[in-house]
Number of protein chains: 2
Amino acid sequence: MTRMMPSTDRSLPIALLRARERVMGPIRALLSGAGLTEQQWRVLRVVQESGPIDPTQIADKACLLLPSLTRILQKLEEKQLISRERDTEDRRRQVVQIAPAGEKIIADNLEASLELMEQTRLKMGVERYEALLDLLNELDRIDLPE
Amino acid sequence: MTRMMPSTDRSLPIALLRARERVMGPIRALLSGAGLTEQQWRVLRVVQESGPIDPTQIADKACLLLPSLTRILQKLEEKQLISRERDTEDRRRQVVQIAPAGEKIIADNLEASLELMEQTRLKMGVERYEALLDLLNELDRIDLPE
DNA sequence: CTGAATTACTTAACATGTTTAGCAATTGCA
DNA sequence: TGCAATTGCTAAACATGTTAAGTAATTCAG
């Protein structure tokens, strides 16, 4: 069973994709019940955890590009899950806050979402799961192209 | 250093995203020089490696959903990088093959692309890189929701 | 103090992701 | 044999990813 070029199997980019699909599938199913996409949920959670925060920082924490975030914030504001206002110090900036309806959606779904992740963690084995997280974080830190 | 909820740091979905961004950034830059997206490149490589193949199998190997693949194949056919014909046995199916211009694009970019992955592998350390691949593949196999 | 950078976001345009529908060819079973 | 599933792919609609441009507010050098 000789191994060819990094065909679909030993290819890191594909492996990362497949793994992500596996993990997110159930979570997406849960969130679609709440009428949220995975990204909207991520933004909502960041805003809730951090308190008042500006879009640039949200983008960083939620791993989104600003153009995507712009649209997502518009949607979340339409749905009245967040509120926005200009920063009084620096009027280029905004301050984003979670709204009551947003708090409620999080309260209604956080537990189930954490439970899904915990199941993954157990199915995979806690040690391997943690090792995987460490390796992923390391990859993110180390592979800085010149 | 107490650890909170799986905030942005120990969250597997986000870690997978960040890692993928880190790895794909340089590759995307390379491919954009050839006028290809990352997904188009993936499809092209699958078709080249496998020989004549149908869309369903391409989707599986390239980790794409069929609707995305439909559009990508249309683009690649427009650019004359692949050719398609109906399967004579089962006329629902297609047979996709790489075209000469497609072979050329691969010949022109494969080495540099493999080189980028090899750099990542070395920067991260070969052992950890392989361990990461194993863990990712394991995650893909093990976390089958009931 | 003033105009050239820079910063924080927004818009636009194109490609893909994701779900749901749809259509044609084929299978399976009564 | 006939017709209800099933299969393989496409279309459509909406959301995000990605890059490039654009805008307004701020900073900073001269």
Side-chain angles (χ1 to χ4, degrees), chain A residues 13-14 16-18 20-44 53-60 62-79 81 84-96, chain B residues 13-14 16-18 20-44 53-60 62-79 81 84-96:
Chain A
I14 301 249
L16 288 166
L17 261 187
R18 286 196 209 289
R20 186 148 209 295
E21 280 321 292
R22 185 67 71 197
V23 171
M24 288 312 300
I27 296 186
R28 262 201 289 270
L30 167 69
L31 296 178
S32 85
L36 285 187
T37 67
E38 165 198 338
Q39 293 85 346
Q40 291 167 353
W41 172 254
R42 229 153 66 216
V43 169
L44 215 50
I53 186 176
D54 61 281
T56 298
Q57 287 184 64
I58 298 175
D60 181 51
C63 200
L64 291 165
L65 296 178
L66 267 176
S68 297
L69 183 60
T70 293
R71 289 175 304 208
I72 293 170
L73 289 177
Q74 287 164 352
K75 282 275 157 58
L76 292 178
E77 195 174 27
E78 279 175 27
K79 298 186 188 183
L81 303 182
R84 289 195 282 180
E85 41 184 78
R86 290 224 155 280
D87 186 316
T88 50
E89 305 290 304
D90 183 340
R91 304 199 325 200
R92 291 170 302 185
R93 281 176 216 232
Q94 301 176 8
V95 182
V96 180
Chain B
I14 301 248
L16 288 166
L17 261 187
R18 285 196 210 287
R20 185 147 209 296
E21 280 320 293
R22 186 66 73 195
V23 171
M24 289 312 300
I27 295 187
R28 262 202 288 272
L30 167 69
L31 296 177
S32 85
L36 286 186
T37 67
E38 167 197 338
Q39 293 86 344
Q40 291 168 352
W41 171 254
R42 229 152 66 216
V43 169
L44 215 50
I53 185 175
D54 61 282
T56 298
Q57 287 184 64
I58 298 175
D60 180 52
C63 200
L64 291 165
L65 296 178
L66 267 176
S68 296
L69 183 60
T70 293
R71 289 174 304 209
I72 293 170
L73 289 176
Q74 287 165 351
K75 282 277 156 56
L76 292 178
E77 194 174 28
E78 279 174 25
K79 298 187 187 182
L81 303 183
R84 289 195 280 179
E85 42 184 77
R86 290 221 156 283
D87 186 317
T88 49
E89 306 290 306
D90 184 340
R91 303 199 323 200
R92 291 170 302 187
R93 281 177 216 232
Q94 300 176 8
V95 182
V96 180

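On a predicted model such as this, the values are computed, not experimentally measured, just so you know. All values below come from the heavy atoms of this structure, side chains included, with hydrogens, waters and symmetry mates left out. Quick note on labels: first sequence line is chain A, next is B, and so on, each numbered from 1.
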Novice: Could you check whether A/Q94 gets within reach of a base, just the sugar-phosphate, or nothing at all, counting any heavy atom under 4.0 Å?
Specialist: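 Sugar-phosphate only.
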Novice: How many Å lie between NZ on A/K75 and C1' on D/dC14, as a whole number?
Specialist: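 From A/K75 NZ to D/dC14 C1': 7 Å.
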Novice: Would you mind telling me which of B/T70, B/L66, B/V95 makes a side chain to side chain contact (heavy atoms under 4.5 Å, CB included) with B/P55?
Specialist: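 Going through B/T70, B/L66, B/V95 one by one, the side chain to side chain contact (heavy atoms under 4.5 Å, CB included) with B/P55 is satisfied by B/L66 alone.
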Novice: Rounded to the Å, how far apart are B/D54 CG and D/dT10 P?
Specialist: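 Atom-to-atom, B/D54 to D/dT10, this comes out as 11 Å.
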Novice: Both A/L17 and A/R86 contact DNA chain C. Which one's nearest nucleotide lies toward the 5' end?
Specialist: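 Checking each residue's closest nucleotide, the 5'-ward one belongs to A/R86.
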Novice: Measure the distance from CD on B/Q74 to P on D/dA12 and round it to the nearest whole Å.
Specialist: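 Atom-to-atom, B/Q74 to D/dA12, this comes out as 10 Å.
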Novice: Specify the separation, in whole Å, of atom CG of B/L69 and atom P of C/dA15.
Specialist: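 It works out to 16 Å between those atoms.
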Novice: Has A/S32 got a side-chain N or O lying under 4.0 Å from the OP1 or OP2 atom of C/dT19?
Specialist: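 Checking A/S32 against C/dT19: no side-chain N or O falls below 4.0 Å of OP1 or OP2.
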Novice: Closer to the 5' end of DNA chain D via nearest nucleotide, is it B/R71 or B/R84?
Specialist: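 With B/R71 and B/R84 compared, the 5'-side residue is B/R84.
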Novice: Any chance the side chains of B/D60 and B/Q57 put a donor and an acceptor closer than 3.5 Å?
Specialist: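 No pair is found: no donor N or O on one side chain lies under 3.5 Å from an acceptor on the other.
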Novice: Are the side chain of A/E77 and the backbone of A/Q74 linked by a donor-acceptor contact shorter than 3.5 Å?
Specialist: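 No: the side chain of A/E77 does not pair with the backbone of A/Q74.
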Novice: Nearest whole angstrom, please: distance from the P of D/dA15 to the CD of A/E38.
Specialist: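 Result: 15 Å.
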Novice: Side chain of A/T70 only, heavy atoms from C-beta on: which candidate in C/dA25, D/dT18, C/dT10 is closest?
Specialist: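 Nearest listed nucleotide: C/dT10.
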Novice: What is the separation between atom CD1 on A/I27 and atom P on C/dG17, rounded to the nearest whole Å?
Specialist: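 Rounded to the whole Å, the gap is 19 Å.
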Novice: Of all the choices, C/dT19, D/dT19, D/dT16, which nucleotide is nearest to the side chain of B/R28 once you look at every atom?
Specialist: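 The closest nucleotide is D/dT19.
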Novice: Of the candidate nucleotides C/dA12, D/dG17, D/dT10, which contains the atom at the shortest distance from the side chain of A/R42?
Specialist: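 Output: D/dG17.
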Novice: Looking at D/dT10, C/dT6, D/dA15, which one has an atom nearest to any side-chain atom of A/R92?
Specialist: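 Nearest listed nucleotide: C/dT6.
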Novice: Need to verify one output field. Residue with the more 5' nearest nucleotide on DNA chain C, A/P55 or B/L64?
Specialist: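 Result of the comparison: A/P55.
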Novice: Measure from CD1 on A/I72 to C1' on D/dA15 and round the result to the nearest Å.
Specialist: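 Taking CD1 of A/I72 and C1' of D/dA15, I get 8 Å after rounding.
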Novice: Quick one: are B/D54 and B/V96 in side-chain contact, heavy atoms under 4.5 Å?
Specialist: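 Contact flag for B/D54/B/V96 side chains = no.
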Novice: So does A/R93 pair up with A/E85, basic N to acidic O under 4.0 Å?
Specialist: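 A salt bridge is absent here (no side-chain N lies under 4.0 Å from a carboxylate O).
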Novice: Backbone N or O of A/G35 within a donor-acceptor pair of the A/K79 side chain at under 3.5 Å?
Specialist: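 Between the backbone of A/G35 and the side chain of A/K79 there is a qualifying donor-acceptor contact (under 3.5 Å).
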Novice: Answer with base, sugar-phosphate or nothing: what part of the nucleic acid does B/E21 contact at a heavy-atom distance below 4.0 Å?
Specialist: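 Here B/E21 touches the backbone only, sparing every base.
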Novice: Calculate the interatomic distance between A/D60 atom CG and C/dC9 atom C1'; express it in whole Å.
Specialist: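 Rounded to the whole Å, the gap is 16 Å.
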Novice: From the list C/dT18, D/dA25, D/dC9, which nucleotide is the closest neighbour of the side chain of A/R91?
Specialist: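 Among C/dT18, D/dA25, D/dC9, the one nearest the side chain of A/R91 is D/dA25.
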Novice: Need one value for A/Q57: base, sugar-phosphate or nothing, where a base atom within 4.0 Å counts as base even if backbone is also close, heavy atoms only.
Specialist: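 Result for A/Q57 = nothing.
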Novice: Please classify the nucleic acid contact of B/S68 as base, sugar-phosphate, or nothing, using heavy-atom distances under 4.0 Å.
Specialist: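 Base: the residue B/S68, judged by heavy atoms under 4.0 Å, touches a nucleobase.
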Novice: From the set C/dC9, C/dT26, D/dT18, return the single nucleotide nearest to any side-chain atom of B/D90.
Specialist: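 Comparing C/dC9, C/dT26, D/dT18 against the side chain of B/D90, the answer is C/dT26.
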